[in-house]
Amino acid sequence: MIWIVKNLWLIPALPLFAAGIIAVNKQPARKLAAGLAIGSMALGFLLSLCAFAATLGHHGEGAFRETFSFNWIQFGGQWMSIGWVLDPLTAIMLMMVTFVGMLIFIFSVGYMAHDKNFMRFFNFLALFASGMLGVVIANNLFLLFVSWEIVGLTSYLLIGFWYHKPSAAAAAKKAFITTRIGDLGLLLGMVWLYAQTGTLNFYDGGKGCLEATALSQMLTHVTIGGLGVSTAIGLLIFLGAVGKSGQVPLHVWLPDAMEGPTPVSALIHAATMVAAGVFLVARVYPLMAAGAAPVEHGAPVTTALTVVTWIGAITAIFAATIAVAQNDIKRILAYSTVSQLGYMMMGLGVGGVAVGMFHLITHAFFKALLFLGSGSVIHGCHEEQDVRKMGGLKKYMPVTFVVYAIGMLALAGFPLFFSGFWSKDEILHHASHWSVSHVPFYLGCIGALFTAFYMTRQMGLVFFGSYRGHEKSGHSAHDHAHSSHSSESHSHDPHESPAVMTVPLIILAGFAILLGVIGTPAWPWFDAYLNGELAELHIKFSNLAASSGLMGASALIILTGITVGWILYGKRQRQTVGEKDVLETAQPFLFKLLENKYYVDEFYEATVIRFNAFAAWLCDFADKWIFGGAVLLVKYLTLGASWLYRLTDENVVNAGFDAGCGSIRGGGGILSRLHSGRVQTYLRIIGVALVALIIFLIWGRKA
């Protein structure tokens, strides 16, 4: 066994150790906190490189996979073992999470420099990273679930980091409760899987729950409506992914998570938490695909994968349309994340693990770039987040402008030169060949058009035209990361961010461009790596030509979106903060509908939350008046019975007993007089008795 496999636990243990040291240190040890957190991620990245190197060079043998397990807890005579797995999926995720996380940690040093809770922030960041890395290495669904819940807890702590803001506290609770709904499905699926297979280990020398023996055993069982047990368990596990990755209908928490500091938004929405749901589906993909006949192109077709595809496609178009009408710079990116996660799910459903995971990896870099870039913009604009109060920032923040433009083009999928084009195009390519329906393909194309449009809109409002931040309006800023700036007037001109913030942006921008190379049709290295195959190094123009038609259509869609966005928001600039949006002027009803997110939150408020409130009131009423009334009735019946018993005892039993005692006492008193001890008295009594006897005898004879 390779040494790194046995020591893979060190990668999540390092940030966990850092979090523990930070937690017990006194304030204000800022350098120590930042150094421990960043250092743990840097060491984790080096170990991840070693893990990645161990997975290379195994072509023709199938995908490399080694596991390490040990007994953890005993149930009766049965042991539950936990452990970790090293395979290409684990290795690529470890590198991405540690590297992007490290850059976000470095950026946070500058962004949170003036926050009084600097140490607490890095403590939560390190604990969050540890939980996510635990999810990645887990070879056991139970260990994955524990790490999954650590991610959920720390996301609650980070989203509500500025707990003094009611909106942040509410957003944290909303995220925690909404994701718990999905996690309940994951927990039920985990219990059911254990009941069916007797193990929660993914891979265990042929005895794991994702290996052929267990899968074939589950395929012989059906549940309600003839649904296969493997499908039902897969859908329950997918429900956990729906909650974590913000898929419809559990997407409502994710945009509100913007209430946390901007580095939190980058960490949650790019490399870690939301990616966990997509990773989970990729990890249990054999369960999702169980029982399907192999197909020539794309992923096998099963009920579970069909559900994953449709949920992903609907989420992609749904969130993309909402982003068109948002004005908060981070909220636009948040809905973009929801949309891109939909693409990833659709990619898993129609193309398999490599297709969905390729977009996850590229998205992690350019979305982290965009979120950190938005943090740089907010920092430079004195905590302003409303894009209507920005404009002309390319003059004030040239570095941020360039890297943000790269991130925008990567997200929009600008043809050929940016990674987002290749990863998104591969999803659309497989969707176009999906045998079930072509509707997800059309939804994906429309979503790509909207993505290019709303990102161009954001660029036009933020970086072009003239700066509108001097203008007073009723809109208030949302992000208060730097308490030292709270007294500064918004009339100050924007400024470029310090190097500690811009250098991570430059590095991420480089990856947003270069990562596309590993997934082009000419050299599909990523797909081959995950499948344990050898990617040919020579350029295969035949592959490129076969995809040229769809690539051309995709490029046309993206360029159309960028062009329309530039005409409406680049050439024609907003002059004042209060000026109506172009789309609002043209379609006020539609714009209002999109601006209010299709009123989904209001719908949940009127239905689910109101029903929950009614159920709570009903339970309270039942507790107070039915169950409480029954308790009171028993109480008063008991009191009444005890009063009756006391009355009977005192006035009947005790009175009768006292009367009997009095009679006995009186008779005894009379008899006691006969025992005076005087002989004369005794003789008189005898005499009287004798006379009485004689009279009785004489009277009796006469009778």
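The structure presented is a predicted model; accordingly, all values stated were derived computationally and were not measured.
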Peer 1: For a side chain to side chain contact (heavy atoms under 4.5 Å, CB included) with Phe441, tell me which candidate from Val350, Leu550, Ile427 qualifies.
Peer 2: Leu550
Peer 1: Can you name the one residue among His359, Lys367, His363 that meets side chain to side chain donor-acceptor pair (under 3.5 Å) with Gln340?
Peer 2: His359
Peer 1: Do Met357 and Leu530 have side-chain heavy atoms sitting under 4.5 Å apart?
Peer 2: yes
Peer 1: Is the Phe318 ring parallel, tilted or perpendicular to the His251 ring (thresholds 30°, 60°)?
Peer 2: perpendicular
Peer 1: Could Lys424 and Tyr343 be counted as a cation-pi pair, given that NZ or CZ must be under 6.0 Å from the ring centre and within 45° of the axis?
Peer 2: yes
Peer 1: Taking atom types as modelled, find out whether Gln458 and Tyr404 have a side-chain donor-acceptor pair closer than 3.5 angstrom.
Peer 2: yes
Peer 1: Keeping the roles fixed (side chain from Ser245, backbone from Val242), state whether a donor-acceptor pair exists under 3.5 Å.
Peer 2: no
Peer 1: Is it true that Tyr335 and Phe450 have ring centroids separated by less than 6.0 Å?
Peer 2: no
Peer 1: Hey, are the side chains of Val97 and Leu94 touching, using non-hydrogen atoms and a 4.5 Å cut-off?
Peer 2: no
Peer 1: For the rings on Phe421 and Phe414, is their centre-to-centre separation under 6.0 Å?
Peer 2: no
Peer 1: Thr302 side chain to Met288 main-chain N or O, any donor-acceptor pair under 3.5 Å?
Peer 2: yes
Peer 1: Are the side chains of Tyr285 and Leu305 in touch, meaning some heavy atoms are under 4.5 Å apart?
Peer 2: yes
Peer 1: Do Asn140 and Asn201 have a side chain donor and acceptor closer than 3.5 Å?
Peer 2: yes
